[in-house]
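Read through the structure below, which is laid out as structure tokens, and then see the notes.
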Amino acid sequence: MLDIELIRNDPERVREALRKRNDDPALVDEVYALDVQRREMLQKVETLRAERNRVSKEIGRMQDKDARQARIAEMRELGEQLAASEEKLREIEAAFAEKQMWLPNLPHESTPLGPDESANVVVRYWGERRDFAAEGFEPIPHWDLGPELDILDFERGVKLSGSRFYILKGAGARLQRAVIFWMLDVQTRQNGYTEVYLPFVVKREMLVGAGQLPKFENNLYHDVEDDLWLLPTAEVAITNLHRDEILTADQLPLNYVAYTPCFRREKMSAGRDVRGIKRGHQFDKVEMYKFTTPETSFSELEAMVKNAEGLLQMLEIPYRVVELCTGDISFGAAKGFDLEVWAPGQDAWLEVSSCSNVTDFQARRANIRYRPEPGAKPQFVHTLNGSGLAMPRLLIAIMENYQQADGSIVVPEVLRPWMGGIDVIRR
RNA sequence: GGAGAGGUAGCAUAGUCCGGUCUAAUGCGCGCGCCUGGAGAGCGCGUGAGCCGAAAGGCUCCAUGGGUUCAAAUCCCAUCCUCUCCGCCA
């Protein structure tokens, strides 16, 4: 959500932000017009309410029966007028609130300008890509490696739940568990995050607060009976942890890390990434999240990216860091970086992390504030989220980067304490 | 799931029976000041959030949503949540 003052005072700046995102700037004017209507009607309603309040108190003190009855009759009439105006105000406010929820965050000035992902900027590469030619074999993709090793089962996943579901088996399931446990340990012990275990379903308002609703409704799984929604990312739950709270400055920054499964319908991506486990309806993720002051959010974003990079460095998997352009940053983000790992079996870069500074966008929606100092007026916090890291893709990268000529997979050194003695996954 | 009790501004409580200076009180906490060599204690003052308005000022919020009424923390209905007991259960 944007500050309505900004739309009132500098609508052109907001229109420009939408253009940079490749969105239609007309939305700004619709919101603006509704705001004007809303304030007009609000003043009308409040004037009537003030009158009613004043006279009602008077009636309470009146002794003269007839005069009292006359006043009551007057107020009865005023009450009807008021009810009609209130009804109109409710309608306008609902329309205003809904429209406003479709406005994305303003991109930060440092975010590169561009219409889509082709304008993203690779800011650095890390690690040497393995020279398979020199080793004398062709790397194969995980969708061949996995079934061959009997650690990945596509058919039975589809049997249970339909397309885009799969089964991890034996050392494959264990490897995923090892990666998750290891990442949580690094995040909590070395990077200063507090682990939280969260509900995997949340109420509708939480999705609105985090920015997934109303715009991305078609990507979410939803239990109609109880109006509970499956998390598309832990970010949704963590954002709302401090909903409607006023934090103190010395509590910030708050750093959270959570492991959750994530559920996405992916209807928009039908036909994309159909091979393998890169894009499924269910995946596991360890998510980093920060609540910060406005002054520190951009430096905290850098720190968060470094935290995610550290994991890949310890795993010794080559990756690159991509600075997202205005047309590719997420709906709520002002600035964002993706981490992409090298997947030699497919000769492709896979996104395993996206780190965003959402500034006060979610904080406004979820009403998360802090008091800069005792007695000061509450202000919105800044929030940041980033994967640290996302599962099946990291698993893909491990499988494909650590594969050997005989089709076995070496377990990365750092994961071995969780692998129960398995150093090499072989048939 | 059943029975009972409850949800009031950071926390704890009063107010609800019987609608009207409740414009929501009190204690704790917190902030500022006095006092002190310094701190504590003590004393004094202050202290919810949001919205509209150029300002004066006004409006909203007593779990949530409806309703009754000139007027609702207070009365009525529904829902949610918490606690106690019972039942069931991993």
Side-chain angles (χ1 to χ4, degrees), chain A residues 1-10 31-101 197-209 223-229 237 240-252 254 261 291 360-381:
Chain A
M1 194 160 84
L2 299 178
D3 186 355
I4 187 63
E5 293 282 346
L6 184 63
I7 295 161
R8 282 178 202 156
N9 300 334
D10 194 359
V31 173
Y32 187 99
L34 284 167
D35 180 50
V36 172
Q37 284 184 51
R38 184 181 73 91
R39 284 189 289 168
E40 269 172 23
M41 193 50 68
L42 184 62
Q43 289 199 24
K44 189 171 172 187
V45 163
E46 289 190 348
T47 306
L48 288 172
R49 285 210 274 238
E51 171 76 356
R52 182 200 61 189
N53 290 348
R54 191 178 61 73
V55 176
S56 286
K57 269 170 208 160
E58 213 177 275
I59 290 170
R61 289 190 301 264
M62 284 173 85
Q63 299 300 322
D64 184 294
K65 272 255 166 72
D66 292 341
R68 191 183 154 101
Q69 279 312 315
R71 293 303 252 169
I72 288 175
E74 270 175 57
M75 283 307 102
R76 197 171 289 152
E77 199 165 312
L78 182 139
E80 279 162 27
Q81 268 183 63
L82 178 59
S85 297
E86 279 177 332
E87 176 59 28
K88 208 173 286 178
L89 178 63
R90 255 197 303 276
E91 282 166 22
I92 295 167
E93 279 190 326
F96 169 72
E98 217 274 339
K99 267 295 183 235
Q100 209 184 0
M101 289 297 161
Y197 172 79
L198 304 161
F200 300 160
V201 291
V202 293
K203 300 182 209 169
R204 169 178 224 110
E205 308 92 86
M206 306 306 140
L207 278 304
V208 176
D223 159 44
V224 180
E225 202 168 0
D226 295 320
D227 197 22
L228 286 173
W229 300 64
N240 289 283
L241 236 37
H242 295 293
R243 164 182 274 267
D244 294 325
E245 290 183 23
I246 301 174
L247 305 164
T248 57
D250 62 327
Q251 284 177 276
L252 301 176
L254 280 165
F291 296 85
D360 61 1
F361 186 79
Q362 290 173 328
R364 286 180 188 281
R365 287 179 168 234
N367 191 29
I368 311 160
R369 293 170 293 171
Y370 81 107
R371 216 180 284 282
E373 47 196 271
K377 208 169 117 81
Q379 280 183 32
F380 291 109
V381 300

Nearest-Å distance once atom C1' is located in both B/G1 and B/C75: 30 Å
Touch class at under 4.0 angstrom, heavy-atom based, for A/R71 against every strand present: nothing
Opposite nucleotide pairing with B/C35, Watson-Crick or G-U, both atom distances under 3.5 Å: none
Atom P, compared across B/C70 and B/A12: separation rounded to whole Å: 38 Å
Whole-angstrom distance between B/G7 and B/C61, as gauged at atom C1': 15 Å
A/E5: partners by side-chain contact (heavy atoms from CB on, under 4.5 Å), with sequence neighbours left out: A/D3, A/R8, A/N9
For A/D64, side chain to side chain donor-acceptor pair (under 3.5 Å) partners two or more places apart: none
Strand partner of B/C85, provided both Watson-Crick or wobble distances fall under 3.5 Å: B/G2
Nucleic acid contacts - residues 73-97 of chain A versus RNA chain B, non-hydrogen atoms under 4.0 Å: A/M75, A/R76
Those residues that, when tested against A/R371, pass side chain to side chain donor-acceptor pair (under 3.5 Å) (two or more places apart): none
Spacing of the P atoms in B/A71 and B/C59 (rounded, Å): 15 Å
Rounded distance in Å - CD1 (A/I72) to C1' (B/U68): 15 Å
Test ring-ring contact (aromatic ring centres under 6.0 Å, His included) applied to A/F361 - qualifying residues, sequence neighbours left out: A/F331
Nearest-0.5 Å distance, CD1 of residue A/I4 to CG of residue A/L2: 8.5 Å
Expected rows: protein N/O vs nucleotides 49-55 of chain B N/O, under 3.5 Å:
unit_1 : atom_1 : unit_2 : atom_2 : d
B/A49  : OP1    : A/R371 : NH1    : 3.2
B/A49  : O3'    : A/R369 : NH1    : 2.9
B/G50  : OP1    : A/R369 : NH1    : 3.2
B/C52  : OP1    : A/R8   : NH1    : 3.4
B/C52  : OP1    : A/R8   : NH2    : 2.6
B/C52  : OP1    : A/R38  : NH2    : 3.4
B/C52  : O2'    : A/Q43  : NE2    : 3.3
B/G53  : OP1    : A/R39  : NH1    : 2.7

A/D227 CG - B/U79 C1' separation (whole Å): 14 Å
Evaluation steps, salt bridge (Lys or Arg N to Asp or Glu O under 4.0 Å), between A/E205 and A/R243: CA-CA 10 Å; A/E205 308 92 86; A/R243 164 182 274 267; 5.8 Å; no
Pairwise side-chain contact, A/M101 with A/R365, heavy-atom cut-off 4.5 Å (strictly under): yes
Do any N or O atoms of the protein come closer than 3.5 Å to N or O atoms of nucleotides 19-22 of chain B, and which pairs are they?
unit_1 : atom_1 : unit_2 : atom_2 : d
B/G20  : O6     : A/R68  : NH2    : 2.9
B/G20  : N2     : A/S56  : O      : 2.5

Integer-rounded Å distance: B/U60 C1' and A/E51 CD: 18 Å
Side-chain N or O of A/N53 closer than 4.0 Å to phosphate OP1/OP2 of B/C70: no
Pairs satisfying side chain to side chain donor-acceptor pair (under 3.5 Å), at least one member in residues 90-99 of chain A, at least two apart: A/E30-A/K99, A/E87-A/R90, A/E98-A/W102
P-based separation of B/G67 from B/G48 [nearest Å]: 31 Å
Residues that A/D10 engages under salt bridge (Lys or Arg N to Asp or Glu O under 4.0 Å), provided they are two or more places apart: none
P-based separation of B/C77 from B/A3 [nearest Å]: 15 Å
Pair partner, B/G57 [Watson-Crick or wobble, under 3.5 Å]: B/C52
Contacts of A/Q81 that satisfy side-chain contact (heavy atoms from CB on, under 4.5 Å) - sequence neighbours left out: A/L48
Counter-base of B/G29, judged by Watson-Crick or G-U geometry with both distances under 3.5 Å: B/U47
G-U wobble or Watson-Crick pairing nucleotide for B/U69 (cut-off 3.5 Å, both distances): none
Between B/G10 (P) and A/D244 (CG): distance, integer Å: 12 Å
Residues 40-47 of chain A side chain polar contacts: donor-acceptor under 3.5 Å, at least two apart:
unit_1 : atom_1 : unit_2 : atom_2 : d
A/T47  : OG1    : A/Q43  : O      : 2.7

Base-pairing assignment for B/C22 (Watson-Crick or G-U wobble, both under 3.5 Å): none
Nucleotide paired to B/U64 in any strand shown, Watson-Crick or G-U, under 3.5 Å: B/A78
Span that lies between the C1' atom of B/C83 and that of B/C18, in whole angstrom: 29 Å
Short side-chain to backbone donor-acceptor contact, A/D360 and A/A363, under 3.5 Å: no
Whole-angstrom distance between B/C35 and B/U16, as gauged at atom P: 44 Å
Rounded distance (Å) that lies between atom C1' of B/C70 and atom CD of A/Q63: 16 Å
Base-pairing assignment for B/G40 (Watson-Crick or G-U wobble, both under 3.5 Å): none
Side-chain donor-acceptor distances from residues 67-80 of chain A under 3.5 Å, at least two apart:
unit_1 : atom_1 : unit_2 : atom_2 : d
A/R68  : NH1    : A/I59  : O      : 2.9
A/R71  : NE     : A/E58  : OE2    : 3.4
A/R71  : NH1    : A/E74  : OE1    : 2.8
A/R71  : NH1    : A/E74  : OE2    : 3.4
A/R71  : NH2    : A/E58  : OE2    : 3.1

